[in-house]
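Notes for the one structure printed next.
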Amino acid sequence: MASTSAEIIAFLLTISGWVLVSSTLPTDYWKVSTIDGTVITTATFWANLWKTCVTDSTGVSNCKDFPSMLALDGYIQACRGLMISAVCLGFFGAVFGLIGMKCTKVGGSDQTKAKIACLAGLIFILSGLCSMTSCSLYANRITSEFFDPSFVAQKYELGAALFIGWAGASLCIIGGSIFCFSITEISNSPRRGYAYNGATSVMSSRTKIHNSIPDKTPPKHFDKNAYV
């Protein structure tokens, strides 16, 4: 029962992490920068993996898509590939997780379902590592440009999408680790042994039954004439 509860908790954690990781792809604010005036913010620059935009003080946004994938920087291409891989791996991990859970009716025996659940955990861990690597690579580029005194272009700060991606990756890794422990619990469970005592004959069983019944015949009393 405890193992089933742990698997349900692991599945909820991994699904929540996968949803957060998937939501980072369309999120706008991977990196953000503002130009402040004396009273209000005059402009906000932000970018993600697909486009770069600027929003003025009236709320009007002007966006420009990246012109060509081959002309992109290497770190953006790497982040795109890692995030798409994380989303796809999370989908397959969710399918294997449903099959491998004990509360479902598919998947075969308990040992087979434990192996499938362990496979789902490994897939979720790999998905979380892909998302973690992508967000960390993007954040490293932002921080290196921000603290570089020779960098004269627009400097950005970390956006909200990076923190969402880190949170989702952590949930996937934690939930996947709990899934992996399900196979160790099955392997460590004690096995009951049954001793074979052989077939019991009919005569021996009757003898045991006869011996188990107490003798209710009244005792015989002998007098002195019985021995004459």
Side-chain angles (χ1 to χ4, degrees), residues 10 12-36 41-57 59-94 97 120-179:
L12 294 177
L13 288 176
T14 50
I15 290 299
S16 301
W18 177 56
V19 170
L20 290 177
V21 170
S22 302
S23 64
T24 58
L25 280 175
T27 302
D28 295 330
Y29 296 99
W30 278 65
K31 60 181 180 179
V32 61
S33 179
T34 59
I35 298 178
D36 297 328
T41 300
T42 57
T44 301
F45 297 88
W46 50 272
N48 55 14
L49 298 177
W50 315 101
K51 59 186 177 181
T52 178
C53 301
V54 57
T55 304
D56 57 17
S57 58
V60 179
S61 298
N62 295 319
C63 297
K64 179 182 179 182
D65 295 331
F66 293 135
S68 174
M69 185 180 68
L70 299 178
L72 289 175
D73 294 332
Y75 78 98
I76 295 181
Q77 295 183 11
C79 290
R80 281 183 177 181
L82 289 171
M83 291 303 298
I84 294 174
S85 300
V87 174
C88 295
L89 288 172
F91 173 77
F92 289 108
L122 293 176
I123 294 175
F124 273 119
I125 291 175
L126 185 59
S127 174
L129 290 176
C130 289
S131 177
M132 187 77 70
T133 304
S134 176
C135 295
S136 300
L137 180 62
Y138 200 91
N140 180 62
R141 182 60 178 262
I142 295 173
T143 53
S144 61
E145 291 178 353
F146 187 85
F147 293 106
D148 188 6
S150 61
F151 187 76
V152 295
Q154 182 70 35
K155 293 185 178 182
Y156 291 88
E157 296 181 0
L158 303 179
L162 297 178
F163 298 99
I164 297 175
W166 281 324
S170 301
L171 292 178
C172 288
I173 293 173
I174 294 173
S177 301
I178 298 176
F179 266 129

Give a yes or no on this: more than 12 heavy atoms of other residues, nucleotides or ligands lie within 6.0 Å of atom CD of E157. no
Result of checking S134, S136, S127, S131 against L82 for side chain to side chain contact (heavy atoms under 4.5 Å, CB included): S134
Check the surroundings of atom CZ in F92: do more than 12 heavy atoms from other residues, nucleotides or ligands lie under 6.0 Å from it? no
Roughly how far, to the nearest 0.5 Å, is the CG atom of L25 from the CD1 atom of I84? 6.5 Å
Looking only at heavy atoms, which two atoms of L89 and C130 are closest? And how far apart? CD1-SG, 4.3 Å
Nearest heavy-atom approach of F146 to K155 is O-NZ, 3.2 Å
Could you give the distance from CE (M83) to CG (L49), rounded to the nearest 0.5 Å? 7.5 Å
Can you check whether C135 and C79 have SGs under 2.5 Å apart? no
Locate the shortest heavy-atom distance separating S85 from G81; write the atom from each residue and the value. OG-O, 2.7 Å
D73 side chain vs Y75 backbone, donor-acceptor pair below 3.5 Å: no
Which atom pair, heavy atoms only, marks the closest approach of A139 to L162? CB-CD1, 4.0 Å
Give, for atom CD1 of I123 and atom CZ of F179, the distance between the pair rounded to the nearest 0.5 Å. 11.0 Å
Using every non-hydrogen atom in the two residues, find where G176 and T14 come nearest and quote the distance to one decimal. N-CG2, 3.6 Å
Side chain to side chain contact (heavy atoms under 4.5 Å, CB included), that's the test. Do I173 and L129 meet it? Break it down for me. CA-CA 7 Å; I173 293 173; L129 290 176; 4.0 Å; yes
Please give me the minimum heavy-atom distance between G168 and L20, naming the atom from each residue. CA-CB, 3.8 Å
Quick one: does any side-chain atom of W30 pair with a main-chain N or O of W50 as donor and acceptor, under 3.5 Å? no
From CG (L13) to SG (C172), nearest 0.5 Å: 9.5 Å
Which of V32, T52, T143 passes side chain to side chain contact (heavy atoms under 4.5 Å, CB included) with Y156? It is T52
Is it the case that more than 12 heavy atoms not belonging to F91 sit under 6.0 Å from its CZ atom? no
Identified side chain to side chain donor-acceptor pair (under 3.5 Å) partner of W46 from the options D28, T55, T34: T55
Taking the side chain as everything from C-beta on, heavy atoms only, tell me whether W166 gets closer than 4.5 Å to M132. yes
Pair V87-W18, side chain to side chain contact (heavy atoms under 4.5 Å, CB included): steps then yes or no: CA-CA 7 Å; V87 174; W18 177 56; 3.9 Å; yes
